[in-house]
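Notes to accompany the following structure.
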Amino acid sequence: MDSILVRGNGPLNGEIPIAGAKNACLTLMPATLLSDAPLTLTNAPRLSDIRTMTALLQSLGAEVASLQDGQVLALSSHDLNNHRADYEIVRKMRASILVLGPMLARHGHAEVSLPGGCAIGARPVDLHLKALEAMGAELDLRDGYVHAKAPLGGLKGGIVDFPFVSVGATENALMAATLAKGTTVLKNAAREPEIVDLAQCLRRMGAQIEGEGTSEITIQGVDSLGGATHPVVTDRIELGTYMLAPAIAGGEVECLGGRMELVAAFAEKLDAAGVSVTETARGLKVARRNGRVDAVDVVTEPFPGFPTDLQAQMMALMCTAAGKSVLEEKIFENRFMHAPELIRMGAQIDVHGGTATVTGVERLKGAPVMATDLRASVSLILAGLAAEGETIVSRVYHLDRGYERVEEKLGACGAHIERVKTE
Ligand code: EPZ
């Protein structure tokens, strides 16, 4: 397992290209199962999660070719010959559940392993299942798998009223509804940019969708979908993560491809903390206004609120802010595992249930720390950028799931960061 070594090395200056969104790509790829025509995704990120989704789709008989060094994915499910998504693959990545809706909609049956929990929470999929049942699906949960069957004439349009916002359940329902007979309305739907991106891709394939980006999406089912070529939307979580690098270490960084509307709530918080975010012709330029940022409070919410996927990274900034910051994690039940690792670096953090109170210190101290999940791992790297001495982050396989070439991107801006091979 590799580790990343970071040494606090003063201000960062330069530019960082932001890749296509992991969480958009992970729902765009299964959309190939809805059609037997080719789907081409450009601006795809080069991540291990994408390789896992590729392996899953290939295990179903879909063709997935990775072109141009992984930045273009050519997909086709013309010869789908297997409708069972095995636990061996699904357990590695929860987003695998997103093959369920499309397979059910086009082929009328599917067997998908239940994803199981992960480090940040139990991560049930009950909302995914309820949505598909509202479209007439018969679901039988046994031996750890969802055995799903559509009615004889195929899925039927229905009203899906989500009791709370779920990104994945919205994506599964949206994809299934494109081929359901009649009209489907998704109420209390997720509004994330990744949902908007999926809807735009499905529309290119011939789907009839209205309202994406709002909490009510209406879909008129069609008999079949065609192919499309679609650019994956910019990754707002990678964007937010790298916006924090100059905020923590000082200097000025331009995040190429960044768009303010993808990170508006986050940028507002940074501004309140004393970090300026300026729109440029090529992206977003970020620099802190003074030598030390001010503490601000954060509550994570579904989009357009403050993203839970940026909570760990924001906590790293608050560890050296002037004052006390209260971070409330309202999406996942166990998403503060980065706190004990930051405390090893000298941070002062009190965690009680879903609330973490951070009292900023002048400077953190480098230490050996351990990544526990994807976003926690990158928050430790951010903390290491400004810490005194050396920080070694182990188990960076978590990192490689969601961030391509971190050491290159930060190194190009002057960070002292390298990947070290360990046992
Ligand atoms: C997506 O996960 C993202 N993953 C997550 O990013 C992100 O944190 C999350 O949305 C929230 O924005 C992908 O897009 C691949 P949810 P998802 O369904 O769809 C509960 C990252 O770091 N829930 O919106 O699984 C759930 O347990 C990852 O890139 C149910 O109870 O999130 C959670 O507490 C981490 N039943 C809350 O709802 C369900 O059927 C929100 O989950 C579904 C969800």
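We use all heavy atoms of the structure for the numbers below, so side chains are in, but hydrogens, waters and symmetry mates are not. Quick caveat, the model's predicted, so the values are computed rather than measured. Both counts, for ligands and for their atoms, begin at 1 and track the order of listing.
- Of the charged side-chain nitrogens involved, at least one lies within less than 4.0 Å of a carboxylate oxygen, so that R335 and D309 count as a salt-bridged pair.
- Salt bridge status for D373 with R375: absent, with no side-chain N to carboxylate O gap under 4.0 Å.
- With a 4.0 Å heavy-atom cut-off, ligand 1 is reached by the side chain of R335 but not by its N, CA, C or O.
- Side-chain atoms of T372 and E341 form no donor-acceptor pair, as typed in the model, at a separation below 3.5 Å.
- Protein heavy atom at the shortest distance from atom 32 (O) of ligand 1 is F332 CZ, 4.1 Å.
- A side chain to side chain contact (heavy atoms under 4.5 Å, CB included) with V358 is found for one member of L327, L342, V351 and no other, namely L327.
- Of all the heavy atoms in H128 and G168, the pair that sits closest is CE1-C, 3.2 Å.
- Contact annotation for T27 and ligand 1: no heavy atom of the residue comes within less than 4.0 Å of the ligand.
- With a 4.0 Å cut-off on non-hydrogen atoms, V167 touches ligand 1 through its backbone as well as its side chain.
- Here the shortest heavy-atom pairing between S377 and L399 reads OG-CD1, 3.4 Å.
- Below 3.5 Å of separation, one finds no N or O of L374 facing any N or O of ligand 1.
- Considering backbone and side-chain atoms alike, N23 places an N or O below 3.5 Å from some N or O of ligand 1.
- Of the protein's heavy atoms, R375 NE, 2.9 Å lies nearest to atom 22 (O) of ligand 1.
- The aromatic rings of Y242 and Y403 sit perpendicular, their planes meeting at an angle over 60°, well past the 30° parallel limit.
- For E171, no heavy-atom contact with ligand 1 is shorter than 4.0 Å.
- Polar contact with ligand 1: absent for E192 (N/O pair, distance under 3.5 Å).
- Between I331 and P302, some side-chain heavy-atom pair lies under the 4.5 Å cut-off.
- Assignment of F164 to the shell around ligand 1 is supported, since a heavy atom sits closer than 4.0 Å.
- Closest to atom 17 (P) of ligand 1, if we only count protein heavy atoms, is R123 NH2, 3.9 Å.
- Counting heavy atoms closer than 4.0 Å to ligand 1, residue D126 contributes atoms from both its backbone and its side chain.
- Set against the non-hydrogen atoms of R94, the atoms of ligand 1 under 4.0 Å away are 25 (O).
- Considering each of D309, I195, L310, the one bringing a non-hydrogen atom nearest atom 28 (C) of ligand 1 is D309.
- Backbone and side-chain nitrogen or oxygen atoms of T308 are examined, and none is located within less than 3.5 angstrom of a nitrogen or oxygen of ligand 1.
- E407 and R419 are joined by a salt bridge, as a carboxylate oxygen and a charged side-chain nitrogen come within less than 4.0 angstrom of each other.
- Polar contact check, A169 against ligand 1: no nitrogen or oxygen pair lies under 3.5 Å apart.
- In this structure, S166 and A190 approach most closely via the heavy-atom pair O-CB, 3.9 Å.
- Between atom 30 (C) of ligand 1 and the options C25, P115, P124, A131, the minimum heavy-atom separation is to P124.
- Among the atoms of I331, some N or O lies under 3.5 angstrom from an N or O of ligand 1.
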